[in-house]
Each structure stands twice: as structure tokens, then as C-alpha cells.
Number of protein chains: 2
Amino acid sequence: MDADRVNTHTDARSETIRSATLELAQELGFAKLSIEAVAARAGVGKHTIYRRWPSKGALFLDAVLSSHETILEYPDTGDIVADLREQILAAVELLARPPLDGLFRSLLGEAQQDAAISAALNERFIAPQTQRTIDRLEKARDAGQLSPDLDLELAMSILSGPIYFQFLITAQPLTHDYIDRLLAALFAGLGPRP
Amino acid sequence: MDADRVNTHTDARSETIRSATLELAQELGFAKLSIEAVAARAGVGKHTIYRRWPSKGALFLDAVLSSHETILEYPDTGDIVADLREQILAAVELLARPPLDGLFRSLLGEAQQDAAISAALNERFIAPQTQRTIDRLEKARDAGQLSPDLDLELAMSILSGPIYFQFLITAQPLTHDYIDRLLAALFAGLGPRP
DNA sequence: GTCAAGACGGCACGTGCCGTTCCGTTACGC
DNA sequence: GCGTAACGGAACGGCACGTGCCGTCTTGAC
């Protein structure tokens with residue numbers, strides 16, 4: 001993707017703007033966030049913002065993702081279920097709990113209405129996260145812990161989908177217990193055990 | 001939920017407004033939709049719209065959901081996998097393909113930023129749909145086609161989650177083949193077969 | 001050391017839509 | 001036939017948009 005579509009500059013002024021954006025987003029929510037308010041809070045002209053980011057959505061995405069580059073690495077203890085559980089819990093604790101939950105939800109919402117945001121979100125967050133999961137699943141498959149003919153991209157959807165569904169669609173709480181029951185059901189399969 | 005939160009009036013004028021809303025949403029997308037334009041298209045004063053719906057989002061939700069009351073009923077042939085497959089395909093064909101896909105995506109996006117929309121969407125669409133799935137799953141469990149200790153709400157998340165994930169997050173196409181592979185993997189389970 | 005070029009903060013502008021108010025007209029219940 | 005309520009339409013103040021135009025400050029080439 002075009003590197004200019006979303007600003008990733010590291011100069012101090014860009015950092016100030018990102019901080020002001022995050023502050024205001026926490027205070028007002030994404031919907032009521034305005035470029036004018038960000039400029040005022042950051043002590044910066046509006047031009048300086050428009051020169052760096054093409055839209056409010058792009059600025060917001062960059063601010064949110066830059067603030068937590070934490071790579072949510074995958075543990076590898078050799079036990080795929082335990083490792084998936086740990087990684088999912090870490091992601092849920094970070095993204096589906098205060099203070100980030102509202103911002104992350106807004107980000108996913110905005111991506112539904114702006115193709116550029118959707119693409120940038122995929123490139124900077126979803127795709128890398130997906131790839132790490134697939135890499136870990138591949139090791140597990142090689143170790144005989146997964147069905148040998150399992151499509152790993154499909155497995156990724158199966159693992160992530162119910163979490164996002166709970167987060168975005170039904171707005172039910174993502175408890176540790178839910179994740180344990182989810183993993184158990186997925187590995188056992190829906191059908192009756194012979 | 002408060003019945004006034006989302007208008008469901010059936011008078012002719014409300015219907016005209018809903019139609020104008022859908023037309024403009026198709027032409028411009030939800031983001032560029034405005035109450036002023038809807039009022040002009042419908043030949044109606046803005047007050048007449050504000051009297052019926054509290055926000056652009058509420059009007060949009062009502063317009064989209066009212067236009068397709070199609071209840072996406074569940075077939076019951078006795079074969080749970082075949083029935084799930086058919087119902088999922090019907091839902092995907094209706095909501096994830098033109099002309100409704102963009103509108104449905106916008107609706108889910110808006111729900112992430114407006115709690116009232118989220119609640120109304122759940123009440124009018126998500127919850128009923130969920131309940132129909134659970135009812136069908138219960139029959140299947142009683143017939144011994146599902147693991148007897150399966151949590152049916154969890155099963156609902158497991159079935160729907162990957163579809164929504166593909167639709168909202170990765171923006172990958174929802175092919176028939178994908179759905180077949182999804183169902184196969186879910187019923188077989190992720191773990192190795194003994 | 002000088003100086004041109006560019007980025008900057010600040011201010012103002014025209015535009016579009018918001019949600020509300022007012023006005024004169026129409027439709028309907030009693 | 002009369003009063004009430006909803007109506008279409010126009011106008012309102014307000015806000016944020018994105019874009020100009022200032023005068024200042026920074027920076028790098030020579």
C-alpha cells in the first residue's frame with residue numbers, strides 16, 4: 001500500500017498531534033472528535049495536520065495504532081491450546097477493555113465506511129496479527145497438535161471470528177471463561193463425539 | 001427497549017421518507033447521507049423527519065431493516081449441517097452482496113459509535129436471528145446431531161463469528177466454498193482426529 | 001554570514017449540514 | 001364549521017469542514 005496514505009512520521013510535532021488526538025478521543029469519543037479541536041489542543045495550525053494526514057479517520061488510526069506498538073507476540077510453550085489461550089487473553093485485555101476498547105471499536109466502525117482506513121488497518125494491524133497466528137498454528141500442525149489437513153487461514157477466522165462477533169455485534173462481555181469454553185468447543189468440534 | 005427509540009410507524013409519509021433514505025444511501029453511501037437531502041428527495045420538511053426519528057443513524061437503520069423484513073427462516077430437513085449451510089448462504093446472499101452489502105456494513109459500522117443504534121440493531125435483527133439459530137440447534141442437539149453438552153449460544157458465536165470476521169475485518173469474499181469449508185472444520189474440530 | 005525556500009501558528013473565509021424556530025396552509029376530529 | 005395538530009418550506013444560529021493568506025521562524029546551500 002502507498003506509504004503516504006497514512007502518516008507514520010516520527011518527528012516531535014507529529015507525536016504531539018497524535019497525543020492530542022488520543023486525549024480528545026478519550027474525552028469526546030471518535031464521533032465528536034474534530035480536527036479543529038486537535039489543532040487547538042496540540043497548539044498547531046490545521047494545515048500542519050492536513051499536511052500529514054488526509055482525513056480525521058487516518059489521523060485517528062495512526063494515533064491509536066502508534067500508541068500501542070506492543071506486538072502481542074505469540075508464546076511458544078509447545079502446547080498450542082495454552083499458547084492460543086494466552087495470546088487471545090492478552091489481545092482481549094488490551095483491546096476489549098478500558099481504556100482502549102472504545103477507541104478500537106470506533107476504529108473498526110470507521111473502517112466500515114472508509115476503504116482507505118480499512119486497507120490501512122489491515123496492513124498495520126490485522127494482517128500482521130493474522131500472520132503471527134498462522135505461523136504459530138503451522139508449528140502446531142507440524143507437531144501433530146492440529147488436524148493435518150486444516151486450512152490455517154480458515155482456522156484463523158474460526159479462532160478470531162467469535163471474539164470479534166462478541167465484541168462488535170452482540171456486545172457481550174469477553175470473559176476468561178468464555179474464551180476457555182470457546183477453545184474447548186473449537187478443538188472438540190461441534191458434532192457428537194463418536 | 002423503548003419503542004420510541006426507533007420509529008416503526010407505518011403511515012405513508014414515513015414510508016416515503018424511508019424510500020428516499022434508501023435511495024440516497026445507495027447513491028451516496030451512509031457517510032454522505034444528510035437529513036436535508038432526504039427531506040428534499042421525499043418532498044418533506046425536516047421537522048417531519050425529526051418528529052419521527054431521533055438521528056440520521058436511527059432513520060437509516062429503520063430504512064434498511066424495514067426494506068427487508070424477510071425473516072430468513074430456518075429450514076428443517078432433519079440434517080443440521082445442510083440446514084445451517086442453507087440458512088447461512090441465504091443470509092450471505094442477502095446481506096453480503098450488492099445491493100445491500102454496503103448498507104449493511106455501514107449499519108454495523110454506525111452501531112460501533114452509537115449505543116442507541118447498537119441496541120436497536122440487536123433488538124430488531126441480531127437477537128431474533130440468534131434465537132432462530134439457537135432454536136434450530138436445540139432440535140439438532142435433541143436429535144443427537146450435536147455434542148450433548150454444547151452451549152448453544154457459544155455455538156451460535158462460533159458459526160456466525162467467522163462470517164462476520166470475513167465480512168467486516170478482513171474484507172475477504174464470502175464464497176460458497178468458504179462456507180462449506182467452515183462448516184466442515186467446525187464440525188470436525190480443530191484437533192487431530194484420533 | 002547571507003539568503004532563499006519551506007514549514008509553521010494564527011486568522012479568516014465560504015460552504016455544508018446540523019437541529020430548531022417560525023409562518024402560512026392543509027387535513028381531520030368533534 | 002371550527003379548533004387543533006401536523007404539514008412544507010424558509011430561515012435561523014452554530015459548528016466544523018477544507019482552503020486561502022498572512023508574517024514569523026527554521027534550515028541548508030553557497
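Note: hydrogens, waters and symmetry copies are ignored here, and every other heavy atom, side chains too, is used. Naming convention: chains lettered A, B, ... in sequence-line order (proteins, then strands); numbering from 1 in each chain.
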Taking OP1 and OP2 of dC25(D), is either one under 4.0 Å from a side-chain nitrogen or oxygen of R13(A)?
->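 R13(A) to dC25(D) OP1/OP2: no side-chain N or O under 4.0 Å.
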dG6(C) phosphate, OP1 or OP2: any side-chain N/O from R51(A) under 4.0 angstrom?
->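 Negative; the distance criterion is not met.
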Find the distance [X]:[atom1] to [N]:[atom2] and express it as a whole number of Å.
X	N	atom1	atom2	answer
L33(A)	dC15(D)	CG	C1'	14 Å
Y50(B)	dC18(C)	OH	P	5 Å
K56(A)	dC15(D)	NZ	C1'	13 Å
D11(A)	dA7(C)	CG	C1'	11 Å
I35(A)	dC17(D)	CD1	P	6 Å
R41(B)	dC17(C)	CZ	C1'	17 Å
E36(A)	dG10(C)	CD	P	13 Å
K32(A)	dC18(C)	NZ	P	16 Å

Can a salt bridge be assigned to the pair D83(B) and K139(B) using a cut-off of 4.0 Å between side-chain N and carboxylate O?
->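 Result for this pair is no, no salt bridge flagged.
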Atom [atom1] in [X], atom [atom2] in [Y]: separation rounded to 0.5 Å?
X	Y	atom1	atom2	result
M156(B)	L137(B)	CE	CG	8.5 Å
Q145(A)	F187(A)	CD	CZ	8.0 Å
Q113(B)	Q113(A)	CD	CD	7.0 Å

Check every atom of dC18(C), dC8(C), dC17(D) against the side chain of S34(B) and return the nucleotide holding the closest atom.
->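 Closest nucleotide among those given: dC18(C).
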Identify which nucleotide among dC18(C), dC17(D), dG8(D) has an atom closest to any side-chain atom of T48(B), counting heavy atoms from C-beta outward.
->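 Selected nucleotide (nearest to the side chain): dG8(D).
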With distance as the sole criterion, do the side chain of H47(B) and the base of dC22(C) form a donor-acceptor contact below 3.5 Å?
->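 Absent.
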Would you tell me whether Q131(A) and D135(A) have side-chain atoms, one donor and one acceptor, within less than 3.5 Å of each other?
->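 Result is yes, a qualifying pair exists.
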Classify the nucleic acid contact of K46(B) as base, sugar-phosphate or nothing, counting any heavy atom under 4.0 Å across all strands shown.
->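 Base, at least one base atom sits under 4.0 Å.
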